[in-house]
Amino acid sequence: MPVDSNPKNGKSSPARRIGEDLHRIRLLLPCALAAMLLLRWAALRGRPERMAELPLSPITQWAGIHTANSIVFGLAPNGVDLVAHSRSITDGRERLLLRHDSTDTEAGAFIAGPYLYYVNVWYRNVPLGMGPGRKLHAMNNGLSMPDLRGMLGSRSAHPGAPQALGLLSRSGRSLFASQRSKTTLHRVPLAGGAPRTISLDTSRADPIFYNLSVLGEHIFWIRRRPLAPAESTRYAKRDGTMPPAYFEMMVSPGEGGSARRLYSGVFETARLFSSTQGVYLRVVRPDFLAGQTITDVVYVSSDTLQTSVIKDCLFEPASPPVECRGKVYWINERYTSPLLGGFNDAVRRDLVCANPDGTAQRVVLNLMDGGKATVRLTRLFSYGGRLYGVLFEAREERGADAVFRAFLCGIEPGSEPIVRKLTSLPRRSWDRGVFERGYYYFVVTETQDSILDWSTDGPPQPEKFYLYRWKLPDAGSS
């Protein structure tokens with residue numbers, strides 16, 4: 001029989017009771033601690049993983065991922081030469097891919113197949129030199145040269161998104177394509193090797209291209225010439241529109257050589273969009289009798305090079321189209337201004353699908369209600385037979401200063417809900433990610449603040465750029 005520690009009142013002392021309770025639950029404490037650690041591990045395991053710091057700066061850009069290497073390109077310290085490095089995401093080893101003289105030009109680069117392609121653009125009587133006008137473009141294959149809206153507005157960016165990936169200068173110099181005097185295309189193997197220049201058209205010394213896309217064994221590109229005075233009198237130019245010009249969509253072999261014309265005409269604008277199986281040419285043609293413009297879509301299969309034209313088609317993609325399970329998907333956007341686009345002035349945004357040739361178009365999901373964005377879907381991806389997107393939600397609605405959270409989401413047309421969140425993305429993450437070997441890779445801009453410095457004065461802390469990745473659920477490595 002236990003002995004009472006306090007025989008006067010027949011009750012145990014508080015210290016004795018606490019000891020007895022701790023003795024009874026001594027096995028529960030390690031279990032509770034283990035459960036907390038397990039829950040924390042599970043939560044962290046489902047979050048994106050920070051891989052490595054990238055050597056990005058105002059004069060460098062991230063081109064993407066190829067196998068296990070992250071590609072970084074930008075200007076050399078002399079402010080003239082274009083350089084590109086391949087950095088291993090496993091051991092951090094870095095290798096120089098190219099060093100190219102880009103004096104007085106704008107430069108851009110994109111990854112297509114086993115190559116890094118880069119372009120140089122010269123302008124008439126507009127030396128770029130080493131001033132603030134230098135530009136670099138981290139370009140999507142198929143949306144190679146930014147169009148007018150991409151340079152002026154934020155069509156493919158979300159509110160509050162960092163603009164480090166886009167143009168380094170917002171000057172109006174390249175808004176007018178007629179100022180271009182020369183363009184060149186080059187490529188370098190991502191596995192290493194000597195760069196080479198790709199000749200698009202042997203019949204002309206220096207063909208000037210305005211859009212360019214590499215798909216399979218072909219290079220699709222657009223050239224343009226101003227209308228002669230006799231030609232321009234037929235077309236009435238409305239205020240706020242681009243002056244008409246003669247555009248030609250061309251295709252050249254992937255190794256370069258003689259070009260073949262696929263489509264041509266007099267248009268106000270012409271722009272290429274690349275997808276998995278072909279390219280889409282969106283042209284805006286003036287109707288001089290009705291005094292309005294009409295949008296047509298030209299689809300070219302990358303396998304057969306057959307061309308099909310859809311007349312008077314609503315095709316206002318806010319991001320490049322993607323193909324998934326036999327359908328092409330894009331975000332269709334109508335906006336109030338003929339020049340600027342984005343969430344603020346869009347009057348309608350829809351997730352749309354159609355057959356690869358553009359027929360049988362239908363709305364999958366309306367992204368706006370009453371002129372206000374209800375689903376802020378900014379970019380689509382197709383990977384492993386599945387459709388993905390980047391979604392933004394406002395945590396605090398304060399007009400232009402709204403604070404947004406980013407999510408990688410899965411999109412399943414015909415299910416409920418159609419858009420399903422997969423994982424939360426870190427703050428200030430770029431919405432232009434890359435899918436590779438079962439992971440989603442993206443870049444996050446971070447500012448390293450000192451915990452000992454509570455002052456608000458002084459210069460801002462320098463930004464650092466980190467490569468993140470997130471393991472896709474049950475995704476293959478195709």
Side-chain angles (χ1 to χ4, degrees), residues 140 142-143 155-158 215 273-280 282 295 297 299 301-302 308 310 313-335 341-343 346-394 404-425 431-436 438-440 442 470-478:
N140 292 319
L143 191 55
R155 287 176 57 90
S156 60
H158 59 85
L215 193 60
F273 295 86
S274 180
S275 193
T276 309
Q277 301 175 5
V279 295
Y280 299 87
R282 178 186 181 274
T295 299
V297 175
Y299 173 75
S301 169
S302 61
S308 58
I310 305 174
C313 176
L314 178 61
F315 187 70
E316 296 281 352
S319 66
V322 299
E323 292 181 13
C324 182
R325 287 176 283 187
K327 295 287 185 179
V328 59
Y329 295 85
W330 71 94
I331 299 172
N332 221 49
E333 182 177 273
R334 298 190 213 176
Y335 42 91
F343 289 123
V347 295
R348 184 179 178 91
R349 300 182 86 245
D350 298 299
L351 175 62
V352 179
C353 79
N355 293 329
D357 61 359
T359 59
Q361 179 177 324
R362 68 180 181 88
V363 174
V364 176
L365 178 65
N366 178 247
L367 306 179
M368 297 189 70
D369 183 19
K372 183 178 180 180
T374 55
V375 181
R376 291 179 171 91
L377 197 62
T378 64
R379 185 172 290 274
L380 301 178
F381 304 93
S382 177
Y383 179 76
R386 297 183 179 182
L387 194 62
Y388 297 92
V390 175
L391 176 70
F392 289 87
E393 284 189 351
F404 286 84
R405 293 185 61 191
F407 299 88
L408 180 68
C409 60
I411 303 173
E412 188 62 43
S415 66
E416 186 61 39
I418 294 177
V419 179
R420 189 184 305 273
K421 298 176 187 174
L422 297 178
T423 185
S424 176
L425 301 177
D431 66 344
R432 180 184 169 271
V434 175
F435 287 79
E436 177 73 22
Y439 286 91
Y440 173 64
F442 59 99
W470 184 70
K471 179 69 173 177
L472 299 173
D474 301 323
S477 58
S478 59

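Worth knowing before you read on, the calculation uses all heavy atoms, side chains too, and leaves out hydrogens, waters and symmetry mates. Everything numeric here is computed off the predicted structure, so don't read it as measured data.
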Practice item. Nearest 0.5 Å please: distance from the NZ atom of K421 over to the CG atom of L408. Key: 12.5 Å
Check your understanding: Roughly how far, to the nearest 0.5 Å, is OH of Y299 from CD of Q277?
Key -> 5.5 Å
Point to revise | Y383-Y440 aromatic ring centre distance below 6.0 Å | key: no
**Study point:** Atom pair CZ/CG of R386 and L422 - distance to nearest 0.5 Å
**Key:** 9.0 Å
Exercise for review: Could you tell me which residues satisfy ring-ring contact (aromatic ring centres under 6.0 Å, His included) with Y329, sequence neighbours excluded, listed by chain and number?
Suggested key: none
Check your understanding: Does G278 offer a backbone N or O that forms a donor-acceptor pair with the side chain of S301 under 3.5 Å?
Key -> no
Exercise for review: Taking R349 for its side chain and L377 for its backbone only, find out whether a donor-acceptor pair lies under 3.5 Å.
Suggested key: yes
Review point. What pair of heavy atoms forms the shortest contact from I331 to R379, and how long is it?
Key: CD1-N, 4.1 Å
Review point. To the nearest 0.5 Å, what is the distance between CG (D350) and CG (L367)?
Key: 6.0 Å
Point to revise | Those residues that, when tested against T374, pass side chain to side chain contact (heavy atoms under 4.5 Å, CB included) (two or more places apart) | key: D369
**Study point:** Geometric class of the F315/F273 ring pair [parallel <30°, tilted 30-60°, perpendicular >60°]
**Key:** perpendicular
**Study point:** W470-F442 aromatic ring centre distance below 6.0 Å
**Key:** no
Exercise for review: Would you name the heavy atoms of A354 and Q361 that are closest together and state the gap between them?
Suggested key: CB-CA, 3.8 Å
Check your understanding: Any side-chain heavy-atom pair from L380 and L351 closer than 4.5 angstrom?
Key -> yes
Practice item. Can you measure from CD (E393) to OG (S424) and round to the nearest 0.5 angstrom? Key: 9.5 Å
Check your understanding: Is the backbone of C353 close enough, under 3.5 Å, to the side chain of R362 for a donor and an acceptor to pair up by distance?
Key -> no
Study note, to complete from the structure: P321 and Y280 have their tightest heavy-atom pair at CG-CD1, 4.4 Å
Exercise for review: Determine the minimum heavy-atom distance between P356 and G326, stating which atoms define it.
Suggested key: CD-O, 3.4 Å
Exercise for review: Heavy atoms only: give me the nearest L215-S275 pair and the separation to one decimal.
Suggested key: CD1-O, 3.3 Å
Point to revise | Listed partners of I418 passing side chain to side chain contact (heavy atoms under 4.5 Å, CB included), at least two apart | key: V364, L365, I411
Exercise for review: Indicate the atoms forming the closest heavy-atom contact of N355 with V328, along with that distance.
Suggested key: O-CG1, 3.3 Å
